[in-house]
Amino acid sequence: MKKPFADHETITRIAAAHPTPFHLYDEAGIRNTARAVNAAFAWNGGYREYFAVKANPNPEILAILKEEGCGVDCSSLTELMLAEALGFRGEEIMFSSNATPAEEFVYARKLGAIINLDDFSHIDFLERCAGIPETICCRYNPGHFALHNNIMSDPADAKYGFTKEQLRAGFSLLREKGARTFGLHAFLASNTLTHAYYPALARLLFETAVWLKEETGIRLGFINLSGGVGIPYRPEEEANDIGQIGALVREARDEILAPAGLAELSLCTEMGRFMLGPHGCLVAAALHSKEIHKRYIGLDACAADLMRPAIYGAYHHITVSGKEDRPADRVYDITGSLCENNDKFAVDRALPEIEKGDLIVIHDTGAHGHAMGYNYNGKLRSAELLLQTDGSVRLIRRAERPEDYFATLSVTPFGERLNGIAGRLRTRAE
Ligand SMILES: *Cc1c(COP(=O)(O)O)cnc(C)c1O
């Protein structure tokens with residue numbers, strides 16, 4: 001059975017002090033996972049996890065991960081700004097972007113970030129806008145990737161990376177232009193629930209490192225396994241054991257890199273989902289119950305707070321706080337309020353009877369949850385709260401207000417009027 005990280009008493013206490021909906025994060029869980037990850041790769045001297053900021057760009061979360069020794073993986077201007085504000089410097093920042101604007105390369109260079117190039121043509125582009133740094137990484141797209149003879153993803157359809165031939169030419173060109181330390185990166189499958197993904201990816205990248213050494217004489221300094229390690233969203237799924245994954249990657253190193261004299265190569269990862277996913281949940285209240293051709297429960301949260309079910313049909317486990325042990329003898333669609341029929345957190349889900357006012361816990365929203373929020377239908381994104389290791393709760397992002405939504409209209413005469421209306425409504429509410 002899948003239980004929320006916070007019990008009924010805790011959720012009720014928090015909801016009494018903070019209006020629903022909100023995303024709640026579990027500091028203890030985040031720290032435990034970060035420690036397990038660092039322990040799993042401790043055999044590799046240069047190992048670092050660069051947390052994928054896009055999964056959860058809250059600076060308070062990044063600060064926790066920084067304390068646990070993680071770096072950050074950024075892919076946009078504002079993510080680089082977060083890295084700077086948090087005090088990440090130099091090689092603690094990976095910049096893995098694509099279709100990159102010049103100003104972002106300039107900023108990444110200023111911060112001394114490791115730039116992970118997405119394309120052969122970016123070598124010239126980077127040289128012209130920001131210069132070639134001493135340390136540089138290139139992203140590989142092998143065009144084909146299979147695991148246990150099952151094709152898990154089709155890199156040939158993916159927009160990312162260099163081909164193998166482009167890697168050979170690219171690393172040689174980068175060396176001519178002054179680069180001295182080289183890294184190789186690939187991200188080939190998402191949310192993998194198997195211990196085999198990282199080891200298979202590592203084998204591919206290790207073999208490519210050996211090939212590059214033979215072809216160009218370049219000895220890579222590091223290999224970046226990127227993200228893609230999954231979490232059990234469904235109750236019947238089993239969690240990945242990161243310790244076992246680390247041990248299998250080590251075997252691959254012993255078999256492939258060690259004989260080629262490359263055993264000292266550093267490893268890094270850019271996990272987002274695995275680091276944070278299970279350590280967040282979206283807490284919402286049941287506002288309405290509706291019976292037509294099916295039974296619906298309408299929440300005060302909507303897809304603007306959590307988009308994955310609406311856009312990918314993604315499964316998020318749901319429990320009714322305080323009713324975790326009751327039989328799931330009802331079937332509901334759990335919906336948000338968007339004027340979009342795909343705004344459903346669950347379809348035909350067996351749950352205990354839900355009454356108005358019940359607190360609904362939508363699990364595993366710590367990664368790619370609040371971060372993917374948007375404002376369609378004029379919906380305002382929810383707050384973020386941190387359940388700290390001492391049991392206290394801290395607001396780490398307030399909910400959006402109408403003024404936030406109207407702020408970019410300040411260029412028109414209506415902007416002022418709208419903000420006036422928003423301000424009056426707020427004063428009345430207070
Ligand atoms: C999204 C992303 C990640 C994180 O992926 P997860 O599946 O959340 O682990 C890592 N690296 C890059 C370049 C990404 O785009």
Side-chain angles (χ1 to χ4, degrees), residues 25 30 33-34 36-37 40-41 48-58 61-62 65 70-80 82-83 92-100 104-105 108 113-119 122 136-142 145 147 152-153 155 158-162 183-195 197-198 200-202 205 222-233 237 239-240 242 245-246 249 267-280 306-308 311-312 314 316 364-372:
Y25 304 117
I30 296 168
T33 296
V37 164
F41 291 96
R48 193 187 324 254
E49 151 67 8
Y50 290 87
F51 175 67
V53 175
K54 76 165 192 259
N56 192 323
N58 191 299
I61 300 292
L62 301 181
L65 292 169
C70 299
V72 276
D73 170 40
C74 302
S75 53
S76 67
L77 190 73
T78 48
E79 288 179 3
L80 285 169
L82 281 165
E92 295 165 355
I93 309 170
M94 188 72 65
F95 183 57
S96 295
S97 69
N98 67 94
T100 313
E104 296 186 11
F105 276 140
I114 301 177
I115 293 174
N116 183 18
L117 290 177
D118 181 62
D119 187 54
H122 292 186
I136 191 108
C137 188
C138 293
R139 184 167 185 163
Y140 181 28
N141 184 334
F145 183 68
L147 210 52
M152 291 202 51
S153 62
K159 66 176 176 172
Y160 307 108
F162 293 52
L184 182 64
H185 166 282
F187 187 170
L188 303 181
S190 203
N191 193 31
T192 55
L193 265 187
T194 157
H195 294 163
Y197 171 63
Y198 260 5
L201 175 66
L205 295 179
F222 61 98
I223 297 262
N224 183 344
L225 298 175
S226 191
V229 179
I231 58 164
Y233 284 101
E237 289 169 340
N240 281 320
I242 197 69
I245 292 174
V249 172
L267 286 180
C268 53
T269 53
E270 299 172 338
M271 289 180 277
R273 194 184 314 272
F274 185 80
M275 301 299 289
L276 248 297
H279 309 308
L306 177 67
M307 193 189 212
R308 299 185 69 257
I311 61 167
Y312 309 126
H316 277 266
D364 302 315
T365 68
H368 313 292
H370 187 282
M372 285 175 88

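When a residue number appears, it is its place in the shown sequence, counting from 1. Heavy atoms only: backbone and side chains are in, while hydrogens, waters and symmetry mates are out. All ligand and atom numbering here is 1-based and tracks the order in the structure.
- For G272, a nitrogen or oxygen atom sits less than 3.5 Å from a nitrogen or oxygen atom of ligand 1, counting backbone and side chain alike.
- Between the side chain of Y50 and the main chain of F95, no donor-acceptor pair closer than 3.5 Å is present.
- Heavy atoms of D73 found under 4.0 angstrom from ligand 1 belong exclusively to the side chain.
- Side chain of N98 to main chain of Y160: no donor-acceptor pair is present (N/O by atom type, distance under 3.5 Å, no hydrogens or angles).
- Annotation for ligand 1: atoms under 4.0 Å from non-hydrogen atoms of A52 are 3 (C), 4 (C), 10 (C).
- Between the side chain of D118 and the backbone N or O of R139 there is no donor-acceptor pair closer than 3.5 Å.
- In this structure, the side chain of D364 does not engage the main chain of H316 through any donor-acceptor pair within 3.5 Å.
- The shell of residues lying under 4.0 angstrom from ligand 1, judged by heavy atoms, includes G228.
- Considering both main-chain and side-chain atoms, N191 never comes within under 3.5 Å of ligand 1 through any nitrogen or oxygen pair.
- Using a 4.0 Å heavy-atom cutoff, S226 is listed among the residues neighbouring ligand 1.
- A donor-acceptor pair under 3.5 Å is absent between the side-chain atoms of N56 and the main chain of F51, judged by distance alone.
- Contacts between A55 and ligand 1, counted as non-hydrogen atom pairs separated by less than 4.0 Å, are absent for every part of the residue.
- Close to ligand 1: F187, with a non-hydrogen atom less than 4.0 angstrom away.
- With hydrogens and angles disregarded, no donor-acceptor distance shorter than 3.5 Å links the side chain of E49 to the backbone of A34.
- Atom 13 (C) of ligand 1 has its closest protein heavy atom at E270 OE1, 3.5 Å.
- The contact set between ligand 1 and S96, taken as ligand atoms under 4.0 Å from a residue heavy atom, comprises 13 (C).
- Taking distance alone, with nitrogen or oxygen atoms compared against 3.5 Å, R139 stays at or beyond that limit from ligand 1.
- Close approach of ligand 1 to M271 is summarised as follows: ligand atoms under 4.0 Å from at least one heavy atom of the residue are 9 (O).
- Using a distance-only test at 3.5 Å, with no hydrogens or angles considered, a donor-acceptor pair links the side chain of T192 to the main chain of G228.
- For Y198 (side chain) and S226 (main-chain N/O), a donor-acceptor pair under 3.5 Å exists by modelled atom type.
- The closest side-chain donor-acceptor pair between S96 and E270 falls under 3.5 angstrom.
- Counting only heavy atoms of the protein, atom 14 (C) of ligand 1 lies nearest to K54 NZ, 2.8 Å.
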